[in-house]
Peer 1: 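Can you read through this structure? Questions will come right after.
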Amino acid sequence: EGGYQLETDSSSTGDNIRIVPSLEFIEASYGNNAASRITSISADISLLTFNPSLLDDEQGGVYFSLSMESATDGNNIGIQVNALNSTSITVFDLQNGVLIPLRTRSVGSIVARLRIDRNIETGEVLLFLNDEQLTSANEFLTSNAAILPVLTVRDGGVIIRITDWRITLR
């Protein structure tokens, strides 16, 4: 199977693993103020396995997320998926570190297509899970603000596979 697998062992001491392409990388790869032209980011993520003791800890449990982050001040908005067990999830609207619960679902396996669409004229964003719109438009940053895509997974015994990560520019 293709894709990238993110994992660390259960003895790791960090809270999160964050994958954030640098502003320099985005600009060098796509040119012409690319970070301010991002209109959408998406990722297909599968939770492969996790340390069950993480479900009840005080560090937030078992989770992964996709978000957009300001390249200048770190403000962010995104979608976080928390595993309640191996067949149930809670989906959150993530805004500057604050989690707003959106839905709790039973699932056969924890596989999610996360997407964030940004209106390039207004800066507002829409959040999607498996192509279902989760929220009405959220104000985020000004329309010309430089943003970075961010993938996050709980550190210390959570293993995910990312099979598709896309960044769309205007």
Side-chain angles (χ1 to χ4, degrees), residues 2-6 8 14-47 59-83 89-105 110-155 158 160-170:
Y4 297 93
Q5 191 164 301
L6 300 179
T8 60
D15 292 334
N16 296 314
I17 299 172
R18 287 174 31 102
I19 308 291
V20 187
S22 69
L23 179 62
E24 294 77 19
F25 174 80
I26 297 283
E27 297 302 330
S29 298
Y30 303 106
N32 197 22
N33 298 315
S36 63
R37 295 184 296 117
I38 294 175
T39 59
S40 182
I41 61 173
S42 64
D44 293 351
I45 303 173
S46 304
L47 178 62
Q59 301 296 323
V62 173
Y63 59 85
F64 56 86
S65 67
L66 176 72
S67 59
M68 289 183 171
E69 183 172 281
S70 167
T72 57
D73 63 14
N75 283 330
N76 62 49
I77 192 165
I79 310 158
Q80 181 168 307
V81 176
N82 284 39
I89 61 170
T90 298
V91 180
F92 293 92
D93 178 346
L94 172 64
Q95 295 186 30
N96 295 318
V98 176
L99 295 173
I100 302 162
L102 298 173
R103 295 185 177 46
T104 299
R105 294 188 172 159
I110 301 177
V111 177
R113 171 174 287 135
L114 305 178
R115 188 175 91 224
I116 305 170
D117 288 349
R118 176 182 181 212
N119 183 318
I120 207 71
E121 302 300 323
T122 65
E124 294 178 328
V125 298
L126 295 171
L127 307 177
F128 295 85
L129 171 69
N130 299 330
D131 298 322
E132 173 192 350
Q133 184 176 326
L134 297 172
T135 62
S136 56
N138 288 309
E139 291 186 25
F140 179 44
L141 297 171
T142 60
S143 60
N144 61 348
I147 59 169
L148 301 172
V150 181
L151 284 169
T152 305
V153 63
R154 166 70 191 269
D155 195 7
V158 178
I160 63 171
R161 176 172 290 133
I162 301 157
T163 53
D164 193 15
W165 187 13
R166 293 177 189 248
I167 301 168
T168 306
L169 304 143
R170 80 172 153 140

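In this chain, residues are counted from 1 in sequence order. Because only heavy atoms are used, hydrogens play no part in the values below, and waters and symmetry mates are left out as well, while side chains stay in. Computed from a prediction, not measured in an experiment: that's the story for all the values here.
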Peer 1: I need the minimum non-hydrogen distance between Y63 and N82, along with the two atoms involved.
Peer 2: CB-OD1, 3.3 Å

Peer 1: Begin with the C-alpha distance, continue with both residues' side-chain angles, and end with the deciding distance and a verdict on side chain to side chain contact (heavy atoms under 4.5 Å, CB included) for D15 and D155.
Peer 2: CA-CA 5 Å; D15 292 334; D155 195 7; 5.8 Å; no

Peer 1: Can you tell me if T39 uses its side chain to pair, donor with acceptor, with the backbone of T168 under 3.5 Å?
Peer 2: yes

Peer 1: With salt bridge (Lys or Arg N to Asp or Glu O under 4.0 Å) as the rule and sequence neighbours excluded, what pairs involving residues 36-47 come up?
Peer 2: D44-R113

Peer 1: Find the distance between OG1 (T152) and CZ (F64) and round it off to the nearest 0.5 Å.
Peer 2: 11.5 Å

Peer 1: Any idea which heavy atoms bring N96 and G74 closest together, and the distance?
Peer 2: OD1-O, 4.4 Å

Peer 1: Hey, is the main chain of G61 close enough, under 3.5 Å, to the side chain of R154 for a donor-acceptor pair?
Peer 2: yes

Peer 1: Using side-chain heavy atoms (C-beta onward) and a distance below 4.5 Å, is I19 in contact with I162?
Peer 2: no

Peer 1: Which heavy atom of A146 sits nearest to which heavy atom of L23, and what is that distance?
Peer 2: CB-CD1, 4.4 Å

Peer 1: For the CD1 atom of I79 and the OG atom of S67, what is their distance to the nearest 0.5 Å?
Peer 2: 9.5 Å

Peer 1: Might you point out which heavy atoms bring S42 and W165 nearest each other, and give the distance in Å?
Peer 2: O-CD1, 3.1 Å

Peer 1: I need the D93 CG to L134 CG distance, nearest 0.5 Å.
Peer 2: 8.5 Å

Peer 1: Which value, rounded to the nearest 0.5 Å, describes the distance between T90 atom OG1 and L99 atom CG?
Peer 2: 10.5 Å

Peer 1: CD1/I147 to CD1/I116 distance, rounded to the nearest 0.5 angstrom?
Peer 2: 8.5 Å

Peer 1: Determine the minimum heavy-atom distance between S40 and D117, stating which atoms define it.
Peer 2: OG-OD1, 2.8 Å

Peer 1: Backbone N or O of S36 within a donor-acceptor pair of the N33 side chain at under 3.5 Å?
Peer 2: no

Peer 1: Test L151 against L66 for side chain to side chain contact (heavy atoms under 4.5 Å, CB included), laying out the working first.
Peer 2: CA-CA 5 Å; L151 284 169; L66 176 72; 3.7 Å; yes

Peer 1: Looking at every non-hydrogen atom in both residues, tell me the closest pair between L47 and A83 and how far apart they are.
Peer 2: CD2-CB, 3.8 Å

Peer 1: Would you find a donor on one side and an acceptor on the other, under 3.5 Å apart, between the side chain of D164 and the backbone of A43?
Peer 2: no

Peer 1: Quick check against the 3.5 Å criterion: does E121 have a side-chain atom that pairs as donor or acceptor with the backbone of S143?
Peer 2: no

Peer 1: Quick check on Q133: does its CD atom have over 12 non-hydrogen neighbours (other residues, nucleotides or ligands) under 6.0 Å away?
Peer 2: yes

Peer 1: With side-chain contact (heavy atoms from CB on, under 4.5 Å) as the test, pick out the partner of F140 among E124, Q95, M68.
Peer 2: M68

Peer 1: Once rounded to the nearest 0.5 Å, what's the spacing between atom OG of S70 and atom CG of L148?
Peer 2: 8.0 Å

Peer 1: Run the salt bridge (Lys or Arg N to Asp or Glu O under 4.0 Å) test against E132 and tell me which residues pass, sequence neighbours left out.
Peer 2: R103, R105

Peer 1: Whether the side chain of D73 engages the backbone of N75 through a donor-acceptor N/O pair (distance < 3.5 Å, no angle test) should be reported.
Peer 2: yes

